[in-house]
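Atoms within each ligand, like the ligands themselves, are counted from 1 in listed order. Since the structure is predicted, the reported quantities are computational estimates derived from the model, not experimental observations.
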Amino acid sequence: MSKAGDRAEGTTQVHAGRDPAGHSGAVSIPPYRASTILFPDLDSLEARDPDYEAVRYGRTGTPTSHAFEEAMAELEGGYRAVSFGSGLQAITTALLAVLRSGDHLLMADTTYGPTRAFCQGILARMGVETSFYDPLLGAADLEALFRPNTRALFLESPGSLTFEVQDVPALAAAAKTRGCTVLMDNTWAAGVYFKPLAHGVDISLQACTKYVAGHADANLGTAICTRDAWRAVKQAAVDLGATASADDLFLGLRGLRTLSLRLARHQEAGLLLADWLAGQSEVRRVLHPARPDCPGHQIWKRDFTGASGLFTVELAPLPRPALKALVEGLRFFGMGYSWGGFESLVLPTNPRRIRTARPWAGDGTLVRFHAGLEEPADLTRDLEAGFARLREALKT
Ligand SMILES: *Cc1c(COP(=O)(O)O)cnc(C)c1O
């Protein structure tokens, strides 16, 4: 485990992975742009890295990637981490590291759409069968889904779009008794508000594109691993040529330094907006893990130490003109995919099309919000105007 135990989370985020003495006193490690790595003599040229099967080369690691990986491992209490060019690449590479042809994979029905597509596409073609399971299953019900060839359990908590919070410790324990590897997408908690490895997960995956980079200007992922899981993930990254850009690694490290401050503000604004939205007559439910009407809220309270700024609101079914009136005229909420940057976002969404294990019931209109770092009062005023437009549109 990391050295993190003797200091506060925010302090770790400021200091992890830094080495001023190794960089002429510079506070931050620069983006090392390196393909060729030079060796001083023939013996070191020919030596293999003890950690993986390949020669040392820019693609397999630089001082910047090493610093980022060290910092992320420390943040989540892992043995070591592997960096990737995107969150999705971290997820797909970790799955390929664990699975082989003929295996069976259990995947939460609420997992990030492209993760699901990878299972149904490339993994299926490679002879790996995926079963999607209800994310709210208890360990006893999950038991029934294991097969002799089940090799891995994939969790994502809270789930994409609808924010179901999973009972990670119980599900992970059930998988471990079957000898399965447990992987989890921990992007929502940013590696801060939930620590998967402390709850039985072997490989914690994060799209650092989101909160860690934090400025909507980088694509970056990590897999934070236990000692047992790390080597296979690193080897798969080496074999697949997976790598993160020097600039994006640098931005990830830079983002990490202010992560706790930004998250606190995202949390505060998110809760405020969620409260305000819950009071609108068109809103049926607010799917925010910190609110009692969110499925799995009790588990969130037990296992998480905070909430980030992303949540969904279920409205009464809105005719398209009313939905357009709400989302198209907002001043501060941009419309687009991704989240975790400094800016607020709004995204109409529809899980009905994709869920199979737990079909999305109900006819409500779902809209996902990301609470950014703007002044919360400005965001509320923006929503007030949006709901006024929505009501006008409903009248006509
Ligand atoms: C965005 C996202 C990813 C993928 O991250 P990229 O860096 O965009 O590839 C994975 N999981 C979740 C939950 C996400 O929201």
TODO: For the residue pair R116 and T356, confirm or rule out a side-chain donor-acceptor distance under 3.5 Å.
DONE: yes
Task: Residues forming a salt bridge (Lys or Arg N to Asp or Glu O under 4.0 Å) with D239, sequence neighbours excluded - done: none
Task: Qualifying residue, where the test is side chain to side chain contact (heavy atoms under 4.5 Å, CB included) with V367 and the options are L347, L323, L277, T349 - done: L323
List ligand 1's nitrogen or oxygen atoms that come under 3.5 Å of a protein nitrogen or oxygen, with the partner atom and distance.
| residue | atom | partner | partner atom | Å |
| --- | --- | --- | --- | --- |
| ligand 1 | 7 (O) | G87 | N | 2.7 |
| ligand 1 | 7 (O) | T209 | OG1 | 2.5 |
| ligand 1 | 9 (O) | G87 | N | 3.2 |
| ligand 1 | 9 (O) | L88 | N | 2.9 |
| ligand 1 | 11 (N) | D185 | OD2 | 2.6 |
| ligand 1 | 15 (O) | K210 | NZ | 2.6 |
| ligand 1 | 15 (O) | W339 | NE1 | 3.2 |

Open item on the list: Ignoring hydrogens, what is the shortest heavy-atom contact between H370 and F333? Give both atom names and the distance.
Closed with: O-CE2, 4.0 Å
Task: Ring centers of Y32, H23 separated by less than 6.0 Å - done: yes
Task: R331 atom CZ: more than 12 heavy-atom contacts under 6.0 Å - done: no
